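Below: one structure, written as structure tokens.
Positions are given from 1, in the same order as the sequence printed here. From a predicted model like this one, the values you see are computed outputs, not experimental measurements.
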Amino acid sequence: VVKAVKLTLEYTSNPAWSAIQALPYLMEYPYQCSEQIFSRYYANAIATHIANSSPKIKAVFESWKSSSPDAFLSNLEKNQDLKNLILEETPWVMEAKDETERKKRIGLLFDLNKMSSELSTALNLLMKAQSSNGGWPWFEGMPEDRYITQHIVSGLGHLDHLGIQSVRNESRIKNMLNRAVQYLDQRMLEDYRELIRTKADRDKVHPGAEQIHFLYARSFLSDINTSFTGYYDYVKHDLYFTNNNYCLVFSESLGTFTSF
């Protein structure tokens with residue numbers, strides 16, 4: 001059966017602006033799982049950094065809060081096919097039926113007082129959800145989960161690496177991170193001990209997705225001391241002396257790790 005297919009391509013010379021327009025989606029995640037709480041924290045931290053980075057940017061957001069002149073309309077509103085697709089696929093945009101209203105909404109979300117309050121709320125929720133052993137569960141009250149803990153640690157490390165937020169200057173975040181890293185180091189130590197116990201063949205047993213994700217997260221926080229280095233040596237052996245073909249995402253993550 002032959003089906004008619006239509007492809008619409010829109011080019012932007014300023015991809016950073018597209019990223020800014022996506023932040024409200026993260027800022028308004030409705031659920032209280034650790035992943036979405038951190039997404040709200042991450043998005044508000046970036047938005048606060050952007051709003052404070054330039055008086056001109058801050059002035060634009062302020063103007064959008066109070067007015068919606070036609071001059072602010074983008075090409076998206078003129079492209080009805082693309083607009084309809086985005087309204088269907090992006091939940092937060094559906095509440096803003098045109099580009100003018102959407103820009104006003106972004107202006108409201110980029111209010112510094114609001115973002116400061118949202119940051120504080122998200123941080124308090126993350127601190128409350130963290131287990132006594134340093135890990136985070138998917139939802140408060142559930143057992144801690146290694147993946148979501150690595151997700152939060154790598155995200156905080158990324159904010160620090162980009163210069164958006166210094167995680168070492170905020171005592172609450174620093175303490176939270178130290179506990180999380182200790183939890184993750186312990187999980188990795190258990191992995192390494194299992195490799196030793198089973199006498200794994202280095203040329204046949206390679207790091208998996210969970211271990212590579214850990215190494216990526218840990219690469220942002222190399223100044224936090226670890227009590228063991230055996231697994232790191234094991235992975236470096238795997239990288240340099242075996243012909244293991246990782247997918248692009250894993251290869252990039254391991255490339256970050258090599259500087260750790």
Side-chain angles (χ1 to χ4, degrees), residues 33-35 37-39 41-42 126-162 165-168 170-260:
C33 65
S34 296
E35 179 190 26
I37 292 171
F38 178 70
S39 292
Y41 183 88
Y42 188 86
L126 284 174
M127 292 173 62
K128 183 181 178 182
Q130 191 175 26
S131 300
S132 59
N133 64 5
W136 274 282
W138 279 98
F139 285 91
E140 186 178 0
M142 296 176 64
E144 67 280 350
D145 181 84
R146 187 171 176 178
Y147 170 80
I148 194 62
T149 302
Q150 290 175 173
H151 174 73
I152 294 172
V153 168
S154 64
L156 289 170
H158 195 231
L159 288 175
D160 185 76
H161 178 71
L162 293 175
Q165 185 177 66
S166 178
V167 298
R168 295 161 180 81
E170 166 60 70
S171 60
R172 293 183 302 168
I173 300 176
K174 183 178 180 179
N175 179 60
M176 193 170 65
L177 261 180
N178 283 337
R179 292 172 58 210
V181 168
Q182 289 173 12
Y183 164 80
L184 293 175
D185 280 355
Q186 184 61 35
R187 300 290 80 76
M188 187 60 80
L189 178 57
E190 292 169 2
D191 288 348
Y192 180 66
R193 284 174 175 168
E194 182 64 14
L195 290 173
I196 299 301
R197 187 188 69 80
T198 59
K199 299 180 180 179
D201 186 338
R202 289 193 174 193
D203 293 327
K204 295 180 179 179
V205 179
H206 308 293
E210 200 166 54
Q211 289 75 31
I212 294 174
H213 188 208
F214 162 81
L215 295 170
Y216 173 75
R218 200 65 171 81
S219 68
F220 292 114
L221 303 163
S222 58
D223 58 313
I224 299 179
N225 293 331
T226 180
S227 59
F228 76 102
T229 59
Y231 195 84
Y232 303 139
D233 294 336
Y234 188 96
V235 174
K236 286 180 179 179
H237 177 279
D238 187 82
L239 288 174
Y240 296 128
F241 298 107
T242 66
N243 186 27
N244 189 33
N245 294 318
Y246 292 105
C247 70
L248 185 60
V249 174
F250 287 175
S251 296
E252 181 181 0
S253 297
L254 285 169
T256 304
F257 158 70
T258 57
S259 62
F260 174 28

Quick one: are [X] and [Y] in side-chain contact, heavy atoms under 4.5 Å?
X: Glu144; Y: Trp136; result: no
X: Leu156; Y: Met176; result: yes
X: Tyr41; Y: Ile173; result: yes
X: Val167; Y: Lys174; result: no

Practice item. Step by step, work out the side chain to side chain contact (heavy atoms under 4.5 Å, CB included) result for Asp160 and Arg168. Key: CA-CA 8 Å; Asp160 185 76; Arg168 295 161 180 81; 2.6 Å; yes
Checklist entry - Taking the six-membered ring for Trp, are Tyr42 and His158 parallel (under 30°), tilted (30 to 60°) or perpendicular (over 60°)? => result parallel
Worksheet item: Relative to the ring of His151, is the ring of Phe38 parallel (under 30°), tilted (30 to 60°) or perpendicular (over 60°)?
Response: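 Phe38 vs His151 ring planes: perpendicular.
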Notebook entry, point to check: Within a radius of less than 6.0 Å around CZ of Arg193, do more than 12 heavy atoms belonging to other residues, nucleotides or ligands occur?
Noted result: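 Counting other residues, nucleotides and ligands, CZ of Arg193 stays at 12 neighbours or fewer.
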Smallest heavy-atom separation, Pro143 atom then Pro137 atom, equals O-CB, 3.3 Å
*asked:* Whether the Asp191 and Gln211 side chains hold a donor-acceptor pair (N or O, under 3.5 Å, no angle test) is what I'd like checked.
replied: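 Yes - a donor-acceptor pair under 3.5 Å links their side chains.
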Show the numbers, then the answer: is there a side chain to side chain contact (heavy atoms under 4.5 Å, CB included) between Arg146 and Met188? CA-CA 10 Å; Arg146 187 171 176 178; Met188 187 60 80; 3.9 Å; yes
Across all chains, not counting sequence neighbours, the side-chain hydrogen bond (donor to acceptor under 3.5 Å, both in side chains) partners of Gln130 are Arg179
To the nearest 0.5 Å, atom OG of Ser154 lies from atom CG of Leu159 at 10.0 Å
